[in-house]
Protein chains: 2
Amino acid sequence: MTTTRRPGSETRAEILRVALELFTERGFEGASIRDIAEALGMTKSSLYYHFDGKEAIIQALLDSRRAEFDDLMSWIDTQEPGPELLRGAALRWVESTTPQRIMAMRFAHANGPMMARLAAQGGNIRSWFDDVINRILPPGAPVSERLLARMAFDSVSAALFAAQAQPAGDEEVLAAARAATIALTAPGPA
Amino acid sequence: MTTTRRPGSETRAEILRVALELFTERGFEGASIRDIAEALGMTKSSLYYHFDGKEAIIQALLDSRRAEFDDLMSWIDTQEPGPELLRGAALRWVESTTPQRIMAMRFAHANGPMMARLAAQGGNIRSWFDDVINRILPPGAPVSERLLARMAFDSVSAALFAAQAQPAGDEEVLAAARAATIALTAPGPA
DNA sequence: GTCTATAGGACGATAGAC
DNA sequence: GTCTATCGTCCTATAGAC
């Protein structure tokens, strides 16, 4: 599942795991490199041996999310276009949610400005979905319909957001997300 | 619309306006007091004359959002309970969306950790909605149904989130949100 | 690979003159 | 009500010993 597997790179994976956790909990600016290093039982300097800096950690986290998205895209390519493709693709995306993806979504919720900054650089997960929407919806679809389509893909994210105040287990979140995706892709009114 | 209107407090309102803008754009930690002061054409120290500190600014921003929510609550009290109350209340909330509320939602998206911290202190907007959900849904409603109900109220927020990658005007966002609220409160399956 | 030590800057906040 | 000057703390990042 990891990209490169040269010996001794488990430390890198551990750093990424802890960094993702702290960036999600306190935000990118709120969690310092010192915090991450101490949570790992090492010093800042040791961490700088593994990563060039804070930005490099974020970039590595983003890179590790790309594969799942490419899977969705190539699946869509095998389907024939039509009005049911939206619901099929969105449901497929929602139902293939992994714990890692949930963590990535929590990270995104905790770091809106940083995700926007990355989007401006072109490397953002959210901008990847522009291609999906363009491939599924007819070219002349109105903006509000495009937004609704995106919300169908985003329903896990929305359910997680809702669960911030109403604590819920991952299964209950996914159940709500699945129901929302179906509701948002109901045929008929748009 | 403001709470106290003593002479000379327009400066306070201006500070709040600029602070909300910068906190949304860069995040709470990403926008310094110096940034806010310079955007206002004054120095840090002058800003400290009007507000005790960064936290006090956030608190004032939250306080100014309370009235709209109280309106919703008292309206709900005038309605008789029933399965249609959820849709009615959520639609009322969505359709009463003001530009100020949209800015507050953008702020919330940009500051997840801070909103969570405020929620732990009890002063959070999102925790206010627990009361709404409790008043509308039957006591024994399953968690996933509670999440769906909350998502219906959150649909403007979700549409704004979707619009981060697909630029859209406020009216198109609201149109998508209205459609989502209706879809999410459809009678029948739960 | 990990450490100590430190550079250099930005931050929130305060003191006190005007 | 606004300013200059400053304090102490925290930050990212680097240099260099082991």
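For R26(A) and dC10(D), the CZ to C1' distance is 14 Å, given to the nearest whole Å. We find that CD of E55(A) is positioned 14 Å from C1' of dC11(D), with the value rounded to whole Å. Spacing between atom CD1 of I15(A) and atom C1' of dT2(C) amounts to 12 Å, rounded to whole angstrom units. Here the P atom of nucleotide dT2(C) and the CZ atom of F51(A) are 12 Å apart, to the nearest Å. With rounding to whole Å, D52(A) atom CG is found 9 Å from dA13(D) atom P. To the nearest angstrom, C1' of dC10(D) lies 16 Å from CZ of F28(A). Per the geometry, OH belonging to Y48(B) stands 15 Å off C1' belonging to dA5(D), to the nearest Å. When rounded to the nearest whole Å, the span between NZ of K54(A) and P of dC10(D) equals 15 Å.
In this structure, the side chain of T181(A) engages the main chain of A152(A) through a donor-acceptor pair within 3.5 Å.
L16(B) is not listed as a side-chain neighbour of S64(B), based on a closest heavy-atom distance of 4.5 Å or more. The side-chain heavy atoms of H109(A) and Q164(A), taken from C-beta on, include a pair separated by under 4.5 Å.
Remark: Y49(B) is not in phosphate contact with dT2(D), judged by side-chain N or O atoms under 4.0 Å from OP1 or OP2.
Taking the six-membered ring where the residue is Trp, F129(A) and W93(A) present perpendicular rings, their angle passing 60° and hence far from 30°. Ring pair W128(A)/F69(A) is tilted by interplanar angle, where 30° to 60° counts as tilted.
With dG12(C), dG1(D), dA13(D) as the candidates, the nucleotide lying closest to the side chain of H50(B) is dG1(D).
Atom CD of E21(A) is separated from atom CZ of R26(A) by 9.5 Å, given to the nearest 0.5 angstrom.
In the model, R146(A) has a side-chain atom that pairs as donor or acceptor with a side-chain atom of N134(A) under 3.5 Å. Using modelled atom types and a 3.5 Å distance limit, the side chains of D35(B) and S32(B) yield a donor-acceptor pair.
Of the residues in residues 111-119 of chain B, not one comes within less than 4.0 Å of DNA chain D through any heavy atom. Listed in residue order, the members of residues 30-47 of chain A having a heavy atom less than 4.0 Å from DNA chain C are M42(A), T43(A), K44(A), S45(A), S46(A).
Of the options R178(B), R87(B), R101(B), a salt bridge (Lys or Arg N to Asp or Glu O under 4.0 Å) to E95(B) is made by R178(B) and by none of the others.
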